[in-house]
> 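Structure in structure tokens, see below.
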Amino acid sequence: MDWLTMAFDMFLHVDRHLVEFAATYGLWVYALLFLIIFLETGLVVTPFLPGDSLLFAAGALAAAGVIDIVGVLALLTAAAIIGDNTNYFIGRTVGPRVFTEGRRWLKREHLLRTQHFYEKHGGKTVVLARFVPIVRTFAPFVAGVGRMHYPRFLAFDVGGGILWVWSFGLLGYFFGNQPIVKENFGLAIVAVIVISLLPVAFEAWRMRFKRAGAGS
């Protein structure tokens, strides 16, 4: 099973994998959740790790009484914020040369897509990108490359991290254990992600309409 197949399986069945891990290793499930969210947000080489689906599944796991909802969401908020900060300073250290030099560990198209996202949305990208897979992983890195003023980045980072973790986590907590959701968890995750993307899509449409009006 290659990494892409593994990532797809984890995305669709992350709830089942977490239950199995918690049953085997107990409280170490907290460490696993922290590590995955940290890596997914903190390293540009791991954008394939589950983010939205993991938060939703963690909320469902808490609703089943396996873990504590407040404790796990506070922990994962810290993981998301620390991850973004790590990614920011890696980008700040590496610098703009990543856009011109070929690197095996960095997909150039993802980098350019995130840069384009910044051009559209400015500093709000740090918040909006939380809800866009892959862009979420590259946004803090690009912010570091572009040397966004750190206090400004940190404010967006903290606000976005809280909004992302708690919205998906609480959705899982209140709806993840419903029979219809448990039986169709993969479809439920896709639906949640699509709904979360609606504000981003609306913002993109609003900006395009505004530019079209200014150009006429």
> If you take all heavy atoms of Leu73 and Gly169, which pair is closest and at what distance?
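It is CD2-CA, 3.8 Å.
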> For Ala129 and Val135, work out which heavy atoms get closest and say how close.
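Of all heavy-atom pairs spanning Ala129 and Val135, the closest is CB-CG1, 3.7 Å.
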> Report the distance from atom CG of Leu170 to atom CD1 of Ile69, rounding to the nearest 0.5 Å.
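Leu170 CG to Ile69 CD1: 5.5 Å, rounded to 0.5 Å.
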> Considering only residues two or more places apart or on different chains, which pairs with a residue in residues 57-79 satisfy ring-ring contact (aromatic ring centres under 6.0 Å, His included)?
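Those involving residues 57-79 do not exist here.
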> CZ/Phe168 to CG/Leu76 distance, rounded to the nearest 0.5 angstrom?
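The CG atom of Leu76 is 13.5 Å from CZ of Phe168, to the nearest 0.5 Å.
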> Of the non-hydrogen atoms in Ala57 and Leu18, which two are nearest, and what is the gap between them?
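Smallest interatomic distance, heavy atoms only, reads CB-CD1, 3.8 Å.
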> For Phe21, which residues count as a ring pair (Phe, Tyr, Trp, His ring centres under 6.0 Å) partner, sequence neighbours excluded?
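Only Tyr25 meet the ring pair (Phe, Tyr, Trp, His ring centres under 6.0 Å) criterion with Phe21.
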> Please round to the nearest 0.5 Å and tell me the distance separating atom CZ of Phe141 and atom OG1 of Thr41.
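One finds 14.0 Å between CZ of Phe141 and OG1 of Thr41.
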> Would you give the length of the straight line joining atom CG of Asn87 to atom CZ of Phe38, rounded to the nearest 0.5 angstrom?
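If I round to the nearest 0.5 Å, the distance is 9.0 Å.
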> Return the CG to CG distance between Asp52 and Leu171, rounded to the nearest 0.5 Å.
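The CG atom of Leu171 is 10.5 Å from CG of Asp52, to the nearest 0.5 Å.
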> Is there side-chain contact between Thr77 and Val158, with at least one heavy-atom pair below 4.5 Å?
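No, too far: nothing below the 4.5 Å cut-off.
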> Once you round to the nearest 0.5 Å, how far does CG of Leu49 lie from CG of Leu54?
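Atom-to-atom, Leu49:CG and Leu54:CG are 9.0 Å apart.
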> List for me each residue that meets ring pair (Phe, Tyr, Trp, His ring centres under 6.0 Å) alongside Tyr150, sequence neighbours excluded, and say none if there are none.
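So Tyr150 forms a ring pair (Phe, Tyr, Trp, His ring centres under 6.0 Å) with Tyr88, Phe89.
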> With sequence neighbours excluded, give me every salt bridge (charged side-chain N to carboxylate O under 4.0 Å, His left out) pair touching residues 17-38.
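Found none.
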> Hey, mind stepping through Met148 and Val126 against side chain to side chain contact (heavy atoms under 4.5 Å, CB included) and telling me if it holds?
CA-CA 11 Å; Met148 178 187 286; Val126 179; 4.2 Å; yes
> Taking only residues two or more places apart in sequence, or in another chain, which ones meet Ser167 in a side-chain hydrogen bond (donor to acceptor under 3.5 Å, both in side chains)?
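For Ser167, no residue satisfies side-chain hydrogen bond (donor to acceptor under 3.5 Å, both in side chains) once neighbours in sequence are set aside.
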> Take Leu61 and Tyr173 through the side chain to side chain contact (heavy atoms under 4.5 Å, CB included) test and state the conclusion after the steps.
CA-CA 7 Å; Leu61 205 64; Tyr173 184 77; over 6 Å; no
> What pair of heavy atoms forms the shortest contact from Asp68 to Gly71, and how long is it?
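Distance-wise, the nearest heavy atoms are OD2-N, 2.6 Å.
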> In sequence, state the C-alpha distance, the side-chain angles, and the governing distance for Leu43 and Ile90, and then conclude on side chain to side chain contact (heavy atoms under 4.5 Å, CB included).
CA-CA 9 Å; Leu43 298 177; Ile90 292 174; 4.0 Å; yes
> Check Ala80 against Ile37 and note the closest heavy-atom contact, atom names and distance.
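Between these two residues, the closest heavy atoms are N-CG2, 3.8 Å.
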> For Gly42 and Thr86, which heavy atoms make the closest approach, and how far apart are they?
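Distance-wise, the nearest heavy atoms are O-CG2, 4.2 Å.
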> Sequence neighbours left out, what passes side-chain hydrogen bond (donor to acceptor under 3.5 Å, both in side chains) with Asp157? Give chain and number order.
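Partners of Asp157 by the side-chain hydrogen bond (donor to acceptor under 3.5 Å, both in side chains) criterion, ordered by chain and then number, come out as Asn85, Arg130.
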> Would you check, one step at a time, whether the test side chain to side chain contact (heavy atoms under 4.5 Å, CB included) holds for Glu40 with Arg136?
CA-CA 8 Å; Glu40 201 259 356; Arg136 170 171 58 244; 2.9 Å; yes
> If we only count heavy atoms from C-beta on, is the Leu33 to Leu75 side-chain gap below 4.5 Å?
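Leu33 vs Leu75: side chains apart.
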> Does a side-chain heavy-atom distance below 4.5 Å link Asp84 with Phe153?
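Of all side-chain heavy-atom pairs linking Phe153 with Asp84, at least one is under 4.5 Å.
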